[in-house]
Amino acid sequence: MTSWFALLPALQTYDGSQTAPLFPPSASTVSGEVDALYAFLVGVSIFFSVLIFALVIGFTVRFRRRPGVHATPIEGSLPLELLWTLVPLAIAMVIFVWGAKVYFRTVRAPSDAMQIDVTGKQWMWKMQHPTGQREINDLHVPVGVPVKLRMISEDVIHSFYVPAFRIKRDVVPGRYSTTWFEATQPGEYHLFCAEYCGTKHSQMIGRVFALDPVEYQAWLAGAGAAETPREAGAKLFTSLRCDTCHNSQSGARGPDLAGRWGGKSVLRGGGSATFDADHVRESILNPGAKLALGYEPLMPSYSGQVGEEQLLALIAYIESLAAPQGAKEKP
Ligand code: HEC
Ligand SMILES: [Cu+2]
């Protein structure tokens with residue numbers, strides 16, 4: 001007899017047998033923490049469900065109507081009020097602090113993480129490794145290395161979901177979102193789109209292959225890379241003539257972009273913007289939105305001329321530009 005679970009691919013075991021495990025495999029450094037929090041929430045819910053049902057049934061029996069016996073209603077009790085206010089408050093605070101801890105851990109990638117670019121579109125996932133290799137719907141990663149994903153959508157909202165790593169992050173048009181993981185177990189894991197994105201949403205699925213680092217190197221060598229995002233970005237920077245305005249010469253029409261990554265961009269009219277991927281992207285597509293202080297609004301918009309993957313390449317290049325020696329002394 002085929003199990004009805006066979007209809008639900010997500011519930012099949014990963015070796016293809018038909019038994020349905022309660023949880024997907026636990027294969028990242030955060031998956032244990034997420035599961036512990038989840039178990040706690042389920043435990044609290046079960047405890048109170050049982051307690052409340054037991055009390056309802058117990059009181060119904062104990063205070064049932066009997067001749068000559070009357071229950072006396074309680075007309076207000078400070079200790080009782082305090083009990084059922086403070087106990088739920090304490091439990092809610094535990095859930096809040098614990099949840100926030102786990103959340104921040106899954107959101108903040110370690111600084112030494114290897115970065116992979118992910119572009120979602122109807123209905124596929126496109127990935128590019130820092131060494132240039134491209135993949136569609138498959139993602140090969142090394143075990144034991146933190147991997148950060150910089151993700152954007154070319155059309156509608158998608159969501160990058162790898163149950164075995166307990167990560168799920170929306171991938172939206174117009175703005176970068178990031179997530180990270182560190183695989184702990186070699187294996188093949190499901191990748192799903194977890195945001196309904198049109199007719200073939202259910203087919204927007206892929207596989208993540210967590211490989212032993214040595215095997216990952218072998219895979220990289222075999223996958224063949226044309227050029228790294230950084231190299232592609234450097235070429236674009238010249239071919240799109242960004243370098244005519246952005247260079248380190250004095251009197252350059254645009255600000256020097258070298259060594260700026262992660263710092264602040266002081267804006268005309270007050271305020272500042274963090275010099276990150278979103279700022280660079282906006283500067284390229286809509287330069288007037290945030291004008292750098294001390295410069296004229298000369299930069300043309302490249303909207304419609306560069307696609308998401310080219311933007312990611314330009315960003316990778318600008319991110320890699322270290323400040324030249326002595327640049328800090330420049331007036
Ligand atoms: C005609 C000259 C010109 C060209 C060409 C040009 N820019 Fe600019 N760019 C500017 C000027 C002037 C500013 C400062 C005013 C502003 O923020 O728009 C600027 C600002 C920027 C900023 C924000 C800098 C900051 O300090 O916040 C980035 C990033 C940037 N440009 C990237 C690019 C890239 C990438 C290209 C090529 C695709 C490019 N620019 C092409 C003139 C130019
Ligand atoms: Cu999708």
Side-chain angles (χ1 to χ4, degrees), residues 107-109 111-113 115-121 126 128 130 132 148-155 157 170-178 227-331:
V107 169
R108 290 197 192 128
S111 53
D112 61 338
Q115 185 174 296
I116 292 182
D117 292 335
V118 176
T119 326
K121 69 172 222 177
K126 296 184 282 182
Q128 190 172 22
K148 179 179 168 188
L149 307 175
R150 177 178 288 154
M151 308 185 289
I152 195 153
S153 166
E154 289 183 10
D155 38 47
I157 304 178
D170 278 7
V171 178
V172 298
R175 174 158 63 84
Y176 295 106
S177 48
T178 58
E227 57 188 2
T228 67
R230 212 180 64 102
E231 288 161 359
K235 279 192 194 156
L236 283 168
F237 202 77
T238 321
S239 63
L240 294 170
R241 314 216 135 270
C242 315
D243 58 345
T244 57
C245 297
H246 296 286
N247 52 56
S248 53
Q249 286 152 28
S250 63
R253 284 183 288 171
D256 189 3
L257 304 178
R260 299 282 309 281
W261 192 261
K264 289 262 175 260
S265 173
V266 183
L267 304 178
R268 193 191 272 210
S272 64
T274 307
F275 198 97
D276 59 5
D278 279 311
H279 178 65
V280 173
R281 183 176 190 281
E282 185 184 49
S283 297
I284 297 171
L285 298 179
N286 186 10
K290 295 197 182 95
L291 288 174
L293 182 71
Y295 292 91
E296 292 306 311
L298 292 172
M299 178 163 161
S301 164
Y302 290 84
S303 178
Q305 289 183 52
V306 285
E308 293 301 343
E309 283 164 291
Q310 290 173 311
L311 284 165
L312 283 164
L314 281 167
I315 289 168
Y317 171 66
I318 293 171
E319 184 175 1
S320 75
L321 290 173
Q325 292 297 316
K328 292 276 178 294
E329 279 81 52
K330 248 182 33 183

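Q115 has its side chain out of reach of P130: every pair of non-hydrogen atoms, C-beta onward, lies at least 4.5 Å apart. Considering only heavy atoms from C-beta on, P229 comes within 4.5 Å of D117 through its side chain. In this structure, the side chains of S265 and R260 come closer than 4.5 Å at one or more pairs of heavy atoms.
Legend: residues meeting side-chain contact (heavy atoms from CB on, under 4.5 Å) with V107, ordered by chain and number and at least two apart, are Y103, R169. Residues passing the ring pair (Phe, Tyr, Trp, His ring centres under 6.0 Å) test with Y317, sequence neighbours excluded: F237. For S153, the side-chain contact (heavy atoms from CB on, under 4.5 Å) test picks out D155, H158, V171, P173, with sequence neighbours left out. Residues passing the side-chain hydrogen bond (donor to acceptor under 3.5 Å, both in side chains) test with E309, sequence neighbours excluded: K126, R134. Listed by chain and number, the residues in a side-chain contact (heavy atoms from CB on, under 4.5 Å) with V172 are I157, D170, R175 (sequence neighbours excluded). In this view, T274 and K264 satisfy the side-chain hydrogen bond (donor to acceptor under 3.5 Å, both in side chains) rule, not counting sequence neighbours.
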- Message: What verdict does the side-chain contact (heavy atoms from CB on, under 4.5 Å) test give for L312 and Q128, after you've listed the backbone C-alpha separation in whole Å, the side-chain angles of each residue and the deciding distance to 0.1 Å?
- Response: CA-CA 10 Å; L312 283 164; Q128 190 172 22; over 6 Å; no
- Item | Test side-chain contact (heavy atoms from CB on, under 4.5 Å) applied to I152 and L311, step by step | CA-CA 10 Å; I152 195 153; L311 284 165; over 6 Å; no
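Nearest heavy-atom pair, M299 versus S283, reported as atom, atom and distance to 0.1 Å: CE-O, 3.1 Å. Across I284 and V306, no two heavy atoms sit closer than the pair CG2-CG2, 4.2 Å.
Distance check: L149 CG to T178 OG1 gives 8.5 Å after rounding to the nearest 0.5 Å. Note that the CG atom of L257 and the SG atom of C242 stand 8.5 Å from one another [nearest 0.5 Å]. With values rounded to the nearest 0.5 angstrom, D112 atom CG is found 11.0 Å from K148 atom NZ.
Judged as a ring-ring contact (aromatic ring centres under 6.0 Å, His included), the pairs with a partner in residues 254-278 (not counting sequence neighbours) are, in order, F275-H279. Counting only residues at least two apart or on different chains, the side-chain hydrogen bond (donor to acceptor under 3.5 Å, both in side chains) pairs with a member in residues 233-246 are E227-K235. Among residues at least two apart or in separate chains, there is no side-chain hydrogen bond (donor to acceptor under 3.5 Å, both in side chains) pair with a member in residues 293-304. Within the structure, the salt bridge (Lys or Arg N to Asp or Glu O under 4.0 Å) test picks out the following pairs touching residues 270-294 (sequence neighbours left out): R281-E308, E282-K290.
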